[in-house]
Amino acid sequence: MKVNLLGVNIDALDLEETVRQVAEYVRSGLPHHVITINPEFLYNAQADRKLSDLAGRADLVTPDGVGIVWACRVAGSPVPERVTGIDLMTRLVKQAAVEGWSIFLLGAAPGVAEEAAARFSLDYPGLRVAGVHHGYFNDNEEAKVAGKVRETHPDLLFVALGAPKQEWWIDRNLRETGAAVAVGVGGSFDVVAGKVRRAPRWVRRLHLEWLFRLIKEPSRWRRQAVLPLFAWLVVKEYMFRRRAR
Ligand code: UDP
C-alpha cells in the first residue's frame with residue numbers, strides 16, 4: 001500500500017516487506033528504482049516539480065528516517081517503520097548472498113566502495129560482488145560509468161552519490177546499466193567501510209540519529225535546517241487544515 005505525504009507516494013512497508021518486494025523486482029529482471037526518501041528531499045520537492053516527478057517515477061519509496069515516519073502518522077497515514085538507506089542496503093546484501101544475486105557498488109571517494117565491498121564479503125560469505133566504482137566522475141563520463149556497470153551484469157546496484165544526485169543518476173542511467181534494482185544509499189558506503197561511524201544503537205532507539213550526525217559533521221547544519229521547516233509544513237498541512245475542515 002502507498003500513502004501520500006505532501007504529494008509524494010511512500011510505500012507503507014516494513015524492512016522485511018521491502019526486501020520481499022525487491023526480490024520480486026530482481027526476479028522480474030526489469031529495471032526498478034528504489035528511493036529511500038528523507039525530509040530534506042520531500043521538503044525540496046514541494047518547490048521543485050521535477051524532484052516530485054522523479055519521486056513519482058520511482059517503483060518503491062521507503063520512509064528514510066524518523067521524520068518521515070512521524071509525518072506519515074500526523075498525516076493520518078502511518079507507515080510501519082523507518083527503512084533507511086543503510087539498513088535496506090545491509091539487509092539486501094545479506095539476501096543477495098543467500099539468493100546468489102550479484103551487487104555493484106557505485107559511489108563515494110576512490111577506494112571506499114572497494115572497502116565496503118570487502119567488508120560485505122567478509123560479513124556475507126558467498127556474496128557475488130560484480131564490481132565497484134567511485135562516485136567522483138564528470139557528467140561527460142556518466143555514460144561510460146553506466147556502461148562499466150552494464151558489463152558486469154549486476155542484479156542490485158547501490159548508488160552512493162548523496163541525495164538527490166544519486167536519484168537523478170539512477171533516473172537517467174538505470175536502463176543502460178541493465179541492473180534490475182538500483183537504490184540510492186547516500187553516505188552508506190562510508191559507514192560500511194568504517195570511514196564514518198553510525199550513531200550507537202541506543203541513540204537510534206531514541207530517534208536521535210540526526211542529532212548524532214549533526215554533532216559529528218557540523219557542516220550538515222545547513223541541510224538539517226530544513227527539518228524544522230519540514231515539521232512546520234506537516235503540522236500546517238495536516239493538523240491545522242484537518243481542524244479547519
Ligand atoms: N559523493 C560521491 N560523488 C559526489 C558527491 C558525493 O560519490 O559527486 C559521495 C560522498 O563521498 C558520500 C556520499 O556521496 O559518500 C554522500 O553522503 P551524504 O552523507 O552527504 O549523503 P546523504 O546520505 O545525506 O544523502
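None of these values were measured; they are calculated from a predicted model. Note that ligands are numbered from 1 as they come in the structure, with each ligand's atoms numbered from 1 the same way.
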Point to revise | Donor-acceptor under 3.5 Å (D11 side chain, K2 main chain) | key: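 No, the answer is negative, given that no donor and acceptor are paired below the 3.5 Å cut-off.
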Review point. With no hydrogens and no angle check, is any side-chain donor or acceptor of E142 less than 3.5 Å from a backbone partner on W169?
Key: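 Not confirmed, E142 side chain does not pair with W169 backbone.
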Check your understanding: Relative to each other, are the rings of Y136 and H134 parallel, tilted or perpendicular (30° and 60° limits)?
Key ->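 The arrangement is parallel - the two ring planes meet at less than 30°.
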Practice item. Just say parallel, tilted or perpendicular for the rings of Y25 and H32, cut-offs at 30° and 60°. Key: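 The arrangement is parallel - the two ring planes meet at less than 30°.
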Review point. Looking at CH2 of W168 and CG of L161, how far apart are the two atoms once the value is rounded to the nearest 0.5 Å?
Key: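 W168 CH2 to L161 CG: 14.0 Å, rounded to 0.5 Å.
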Check your understanding: Hydrophobic cluster mates of L214, side-chain heavy atoms under 4.5 angstrom, ILVMFWY only, any path?
Key ->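 Members other than L214 - counting any ILVMFWY side chain reachable under 4.5 Å - are W221.
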Exercise for review: Write down, by chain and number, every protein residue that brings a non-hydrogen atom to less than 4.0 Å from an atom of ligand 1.
Suggested key: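 Lining ligand 1 at under 4.0 Å, by heavy atoms, one finds G107, A108, A109, G135, Y136, A160, L161, G162, A163, K165, G186, G187, D190, R213, R220, R223.
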